[in-house]
Amino acid sequence: MNLNQENQYTKVLSSVSAVKGVGKVIAGELGKRGIHTVFDLLYTLPRSYQDRRQSIPIGKIVPGQSVLVRGTITDIGKVKLKYRAAFEILVNDTTGTISAKWIGSPRHLFRFRKAQKIMLFGRFRRSLRMLETFHPEIIEDGDPIELGRLVPLYSEMEGISQKRMRRIVRDAMREFAPGLEDPLPNRITMDRKLPELEEAIREVHFPTNATLQDLRARRSPAQRRLIFDEFFTLQLTLALKRSKASGQRGIEFAIPDLEVLYCALPFTLTGAQGRVIREITADMSKSVPMNRLLQGDVGCGKTVVAFIAAWIAVSNGYQVAFMAPTQLLAEQHYLSTLELARRMSLRTALLTSGMGSSAEEVRDRVRKHEIDILIGTHALIQESVEFQRLGLAIIDEQHRFGVAQRATLKDKGVGPDVLTMTATPIPRTLGLTLYGDLDISVIDELPPGRMTIQTGLFHERDRGKVYALMRRELDRGRQCYMVYPLIEESEKVELMDATRMAEEIGRVFPDFRVGLIHGRMPVDQREEVMASFKEGTMDILVSTTVIEVGINIPNATVMVIENAERFGLSQIHQLRGRVGRSSYASKCLLLSSTRLTDEARRRLGILTKSTDGFRIAEEDLAIRGPGEFMGERQSGFYQFRAANLMRDAKILSEARQEAFTLVESDPELAHRTYALLRQLFMNGQKGLGEFADVA
Ligand code: ADP
Ligand code: MG
């Protein structure tokens, strides 16, 4: 195969409008669903299938089943259904009669005639008279796409009927599938018992040799193949990225005796902290730059771990950059580590964009290596910031920074180690796709003596109880957070809104000072409010979800969450982490305004029972799916066409294994069987190499 020539595979990467019958309008509608290329179209799995292989005698219909029925129209008429006009036909065969009804009077139905032969596909249910079906599909005889086979059902798309969509896919297949090269090496398809690409595409859309049951569970070989492809693509991208990184030259830090340092700490490290430090020191002593993600719930003690890594870098004669996403967090890191820094004899400084003229002095001292650890915000990646010898970059809440920003910070040194940290627990399957090129360490243990946060679920009518609990804490001099899902009253969704509630709370607690913070406030105003809450000149902080992850206000002991059912579990867990940051007992009070469904109650119940962020995240992911789960936290999250992280976890791990093995054995994808993969991944083509420029 000469890859410089256009091959069938590259044609698949052209716009959907190349498909017969796909004009501007249809292309636009498909585009809304993320279907831009023929490739996207072919990888769109049907959401289900209908069995239209043969018709069923009316006498044999089982209620609840969707079946194809053939018969003769015996009656046509208008009926009333719960005061609504409906249209009914009766159809019989030699074994019985059924009724088909349409609510409203769709005009096209008036062409029915008595004694006309007809074919219907619908789900039947028993009524008093006979079996009936609503809005069945009318099937034309002799249509090979619609009849005599398992027929695909696609996700509903505005302006594109199922019939139309089937035709579009069929036409795309006819033109583009024949002779389609398979980028997956033969060995993998054989080992994993996966069909060739061309066959898989045909079989996914118009199955001939799979059971309906397998198809519906997305377990047919053809479906597995396309799902595998999506995971493999992403994992190969990650494997190549990691392989490229491992070719880079980093700093081989000498690891000093840490016991001396440990003695200087005001507490004993937890077992989890110790383990993670060993993982980090092992990385740091290697010649390859460290690229590690440190995960751990709020308050588990990530900062100390980061500082120990920093101390190692500094004692090797290097500098450290410590970047946080907001001014407040940066300041907090700086202030909270002053004591630690003193004990470790580290010279730290703070750099944020709001510092004015003193910033120049800080930059100057960094340049002269009079500063060991520079803590700050995005200000750290400005051009004017020059390190004499940057050896370690620490990035807090790493998902808040873009790939480019992280890279810029790294480029201020020569092959520095990178330690990123997050308090957002990411379930494993998701972690493998999001951070598959990083090494991951987890702190899964809180320091001893931490009071667990009591979490309770309250109904709106118990609002008084919630206020009483708040008052008890306020009277003791403690502070409260109250969080609302929205900031303005909306006509449609009757949610409490923070602005209105701040006033209400002011009336309920006239003897306390109430502040308000929300996402539409300018950043500096927001930080001002946070600062006064932190200083204690404010008792109750009413807010939307803008209060920062990682903010540390030990005197705050109550977190009230309004309309709790509107939040994701992980989000509530994060919010809950704002309290319980001292030896005072803390509470998280979840208020639900609507009548809760059993499911919602069960879901929120998990929070009252568990404080394990990972367990909560798994549950959350299972309920909401990866897109929404990551929604607020991760932009640029991949939308899989065929795959589903929860359902297909096993295929994910197989694909990951194949991709990493392949790159390990042939990092340049040089072997001739990888020719097409090389073209797609190395030249940044789309299609199977779609993620090449994402990760
Ligand atoms: P994170 O950054 O993971 O949210 P921090 O590093 O800010 O958590 O730690 C939270 C608090 O716990 C800090 O006040 C810190 O000094 C304290 N801490 C950390 N590790 C320990 C430990 N092993 N024992 C007791 N207290 C600890
Ligand atoms: Mg922290």
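Remember, it's 1-based here, ligands and their atoms both numbered in the order they're listed. Note: hydrogens, waters and symmetry copies are ignored here, and every other heavy atom, side chains too, is used. Quick caveat: nothing in here was measured; it's all calculated off a predicted structure.
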Self-check item: Check: Pro448 N/O within less than 3.5 Å of ligand 1 N/O
Solution: no
Practice problem: Can you establish whether the number of heavy atoms outside Tyr467 located under 6.0 Å from its atom OH is more than 12? | Solution: yes
Exercise. Return yes when Thr268 approaches ligand 1 closer than 4.0 angstrom through a heavy atom, no otherwise.
Key: yes
Quiz item: Counting both backbone and side chain atoms, is some N or O of Pro447 under 3.5 Å from an N or O of ligand 1?
Solution: no
Quiz item: For ligand 1, is there an atom lying under 4.0 Å from some heavy atom of Gly296?
Solution: no
Enumerate donor-acceptor pairs with a distance under 3.5 Å from any side-chain N or O in residues 260-275 to protein atoms, sequence neighbours excluded.
unit_1 : atom_1 : unit_2 : atom_2 : d
Thr270 : OG1    : Gln273 : N      : 3.1
Thr270 : OG1    : Gln273 : OE1    : 3.3
Gln273 : OE1    : Thr270 : N      : 2.8
Gln273 : NE2    : Gly301 : O      : 3.0
Arg275 : NH1    : Val442 : O      : 3.3
Arg275 : NH2    : Val442 : O      : 3.4
Arg275 : NH2    : Asp444 : OD1    : 3.1

Self-check item: Side-chain donor/acceptor of Lys465 to backbone N/O of Phe458, under 3.5 Å
Solution: no
Quiz prompt | Charged N-O contact under 4.0 Å between Glu339 and Arg342 | solution = yes
Quiz item: Has Cys300 got any heavy atom lying under 4.0 angstrom from an atom of ligand 1?
Solution: yes
Practice problem: May I ask which of Gly299, Ser336, Ser582 has a heavy atom nearer to atom 1 (P) of ligand 1 than the others do? | Solution: Gly299
Only distances under 3.5 Å count here; give the side-chain donor-acceptor pairs of residues 368-377 to other protein atoms, sequence neighbours excluded, each with its distance to 0.1 Å.
unit_1 : atom_1 : unit_2 : atom_2 : d
Lys368 : NZ     : Asp364 : OD2    : 2.9
Asp372 : OD1    : Arg347 : NH2    : 3.0
Asp372 : OD2    : Arg347 : N      : 2.8
Asp372 : OD2    : Arg347 : NE     : 3.1
Thr377 : OG1    : Ala379 : N      : 3.3

Quiz item: Quick one: does ligand 1 sit under 4.0 Å from the side chain of Gln273, the backbone, both or neither, non-hydrogen atoms only?
Solution: side chain
Quiz item: Of all the atoms in ligand 1, which lie at a distance below 4.0 Å from a heavy atom belonging to Thr303?
Solution: 2 (O), 5 (P), 6 (O), 7 (O)
Quiz prompt | Part of Leu269 with heavy atoms under 4.0 Å of ligand 1, whether side chain, backbone, both or neither | solution = backbone
Quiz item: Can you list the ligand 1 atoms lying under 4.0 Å from a non-hydrogen atom of Thr270?
Solution: 23 (N)
Exercise. Quick one: do Thr455 and Arg576 satisfy side-chain hydrogen bond (donor to acceptor under 3.5 Å, both in side chains)? Show the steps, please.
Key: CA-CA 9 Å; Thr455 302; Arg576 175 166 69 175; 2.8 Å; yes
Quiz item: Does the Lys412 side chain pair with the main chain of Val385, one donor and one acceptor, at a distance under 3.5 Å?
Solution: yes
